[in-house]
There are 2 protein chains.
Amino acid sequence: MLAKQLNLSTAAVSKALRDSHEISPTTKQRVLDLAAILNYIPHPYAGSLREKKSRTIAVVIPEVADSFFSLALNGIEAVAIEKGYHALIYLTHENQEREREILKDLESGRVDGVIMSVAMKTNTFEHIRLLHQAVPLVFFDRVCEEINTAKITTNDYECGYLATKHLIEAGCKKIVLLSVSESLSISSRRMQGYKQALLDHQMDETLCRVIDYNEDLTMNYDLLIELLKSKDRPDGIVATVSKMTTEIYLACMERGLNIPNDIKVVCFSNDSNAPIFNPSLTTITQPAFEMGKLAATILFKALKRNSMVLSDESAVIPSDLLIRASTAGLL
Amino acid sequence: MLAKQLNLSTAAVSKALRDSHEISPTTKQRVLDLAAILNYIPHPYAGSLREKKSRTIAVVIPEVADSFFSLALNGIEAVAIEKGYHALIYLTHENQEREREILKDLESGRVDGVIMSVAMKTNTFEHIRLLHQAVPLVFFDRVCEEINTAKITTNDYECGYLATKHLIEAGCKKIVLLSVSESLSISSRRMQGYKQALLDHQMDETLCRVIDYNEDLTMNYDLLIELLKSKDRPDGIVATVSKMTTEIYLACMERGLNIPNDIKVVCFSNDSNAPIFNPSLTTITQPAFEMGKLAATILFKALKRNSMVLSDESAVIPSDLLIRASTAGLL
DNA sequence: TTTATTTACTTAATCGATTACGTAAACTGG
DNA sequence: CCAGTTTACGTAATCGATTAAGTAAATAAA
């Protein structure tokens, strides 16, 4: 290294920089001074290789242009920086194949741990299982039930129930659920809550309609238009996916339906602009930032004690129902 | 390595996996087969160390919970994945000190290149200059003029001009600019456009009021309320920072001012929900995804030809003025 | 004074993959 | 049939930092 302008061994320099007792104060100072002048920074991968620790984690999420995931990423990054870790970001774009390629790479030892939220299209789990064998793994929000590790979720069942109950109490008789592929843990839990609420209030469960979220948003719009045209059109909508919001509002507008007078709407959403929508939107708002923070905290705790065992560290952080104008009044 | 179950040297295995002509087809197949069975993946940091290439870049941005930056990150990640690179994410939270610590670390050789958008609070550039000496650097959106490297921007001056002209043509007489610290390149350009538009239309430039964006959003709200209370309250607002939108709408509502009848509003924003705001929001929408993609493309091109020289690769991608209800009618 | 201990280093192994170089054995050409 | 070449590997250096183990010199203890 450059610090051999001091006529020292690399070993001595390394020890000096790490403040070892084996090095004399005079020498330490000389090393420190030159290091400052030369702006010397140890190469991280050299140490990583030897220590078998990269001080890096991976965050694997479906999207980042999404309030929930960007807030969660924010929480994860905050903890990572604080703990001196680095965060690699990977986006699956809801695509299982992409997810598999990413996880495959992460088995290499590139990262010490992985925090992930599974893609919508994911319906087999072998790739996740393989990763889990190689590196500590924490799920958040969209978890994989089949894999025994820490899972940070929110109270999806209760929220599905609560959102539906809220619409029922507002007088809605025909409530549809807009959801995504049922293979997703959160979707099925939210749907269970929805169904149970209908059941508990003697309402027709057969109305339950699942519109599978499509990446092509115009398709969702078209499906919504169809739905609103049908002769028993819904008078209440529970959308478990926030990306549907714009299309719901626009479709209602197109069909001349007033929210909340003709139809009431609740969305699972973390959009901070919900209060200024037309009308302001009643939301189930998830603790996205906190979920990210907790997922990261749990992961780093496990890394510290050098354990792959994370099974007992699961946690549920409740969401809030924020009632606004889109569900106001009584039908 | 484990592949010495084959009675081969590591060298032979390495060559086999890289399909070297020095290895016989039979041996290659044996290696490939066992590698598949053992799910062998080369350790990335070993190669990185030797090749002095990490195939990793860093993305340093102020925030991720922001439509513009999350879209840009999306664009960057898309190109990174395609090129076989990995992306580390760092958030400065608009804080110069944090930015400096992050950039300091990135001088270590951890990454082959950096894509960044500078923090609002950044007013000295030594830390950026130091990074620039160590590793190829591309700026996007919020660039540092003082540093000679590739810069991906949008036509901020024209947009400031256009937004203001649009309000003038809608009959606004007292247009304020809500901005952030003037040290920021984009802010000052947008402001220049704003001022020039006022000048070109013989309007009073002294009205120009810069409300410095504050992380504590309630402070922005309070400042806005004050502004709207003042005896020559504005009848037009150009907000160069999208995070102000909610507060602008809420403050107007609180003061009983109707948008667009009493006051018209244009925001620089990438929020896809702008069409369903109350009223729908006229925006200057930046090509966030494209800017991220281009920044990454230019960086990888430079990395490929192994050059630190990126000075001539700057580009400007224009934004769009999307006219909606918040500036409708004539005052 | 002699041995034991402490101080302040250096040497060399290590992490894992890559590659320049070395080398047996097989093969080819004259 | 022997020099020259090709084939198919193995050996060892390398990337950069860390650390166990080794060592010379100074110091302390007996």
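Just so we're clear, the structure is a prediction, and the values are computed from it rather than from any experiment. Every chain is numbered from 1 and lettered A, B, ... according to where its sequence line falls, protein lines coming before strand lines.
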**Request:** Send over the distance from A:Y45 OH to D:dA17 P, rounded to a whole Å.
**Result:** 14 Å
**Fill in**
When rounded to the nearest 0.5 Å, the distance separating CD of A:E290 from OG1 of A:T154 is 10.5 Å
**Request:** Have a look at A:S48 and say if it touches a base, only the backbone sugar-phosphate, or nothing, with a 4.0 Å heavy-atom cut-off.
**Result:** nothing
**Message:** Closer than 3.5 angstrom, by distance alone: can the side chain of B:H43 be matched with the main-chain N or O of B:Y45 as a donor-acceptor pair?
**Reply:** yes
**Item:** Candidate nucleotides D:dG16, C:dA17, D:dA17, ranked by approach to the side chain of B:A46 - the nearest
**Value:** C:dA17
**Complete:** Taken to the nearest whole Å, CZ/B:R55 to C1'/C:dT18 is 15 Å
**Request:** Could you tell me whether the side chain of B:K15 has a donor or acceptor atom within less than 3.5 Å of a complementary atom in the base of D:dG10?
**Result:** yes
**Message:** Check B:E94 with B:K121, please: is the shortest side-chain N to carboxylate O separation under 4.0 Å?
**Reply:** no
**Prompt:** Does C:dG16 have OP1 or OP2 sitting under 4.0 Å from an N or O in the side chain of B:Y40?
**Reply:** no
**Prompt:** Atom NZ of B:K28 and atom P of D:dC9: how far apart are they, to the nearest Å?
**Reply:** 10 Å
**Asked** Can you find a side-chain donor-acceptor pair between B:Q29 and B:D33 that sits under 3.5 Å?
**Response** yes
**Request:** Choose from D:dA17, C:dT18, C:dC9 the nucleotide whose nearest atom is closest to any side-chain atom of B:S14.
**Result:** C:dT18
**Of the listed nucleotides D:dA17, C:dT10, C:dA8, the one nearest the side chain of A:S24** = C:dA8
**Request:** Could you tell me the separation between the NZ atom of B:K53 and the C1' atom of C:dT18, rounded to a whole number of Å?
**Result:** 15 Å
**Message:** Looking only at the side chain of A:A11 (C-beta and beyond, no hydrogens), which of the listed nucleotides C:dT11, C:dT18, D:dC9 gets closest?
**Reply:** C:dT11
**Asked** When we call it a touch if two heavy atoms are under 4.0 Å apart, what does B:S20 touch: a base, just sugar-phosphate, or nothing?
**Response** nothing
**Shortest side-chain distance from B:R50, nucleotide among C:dT18, D:dC9, C:dC9** = C:dT18
**Item:** Nearest-neighbour nucleotide for the A:E22 side chain, D:dG16, C:dA17, C:dT10 considered
**Value:** C:dT10
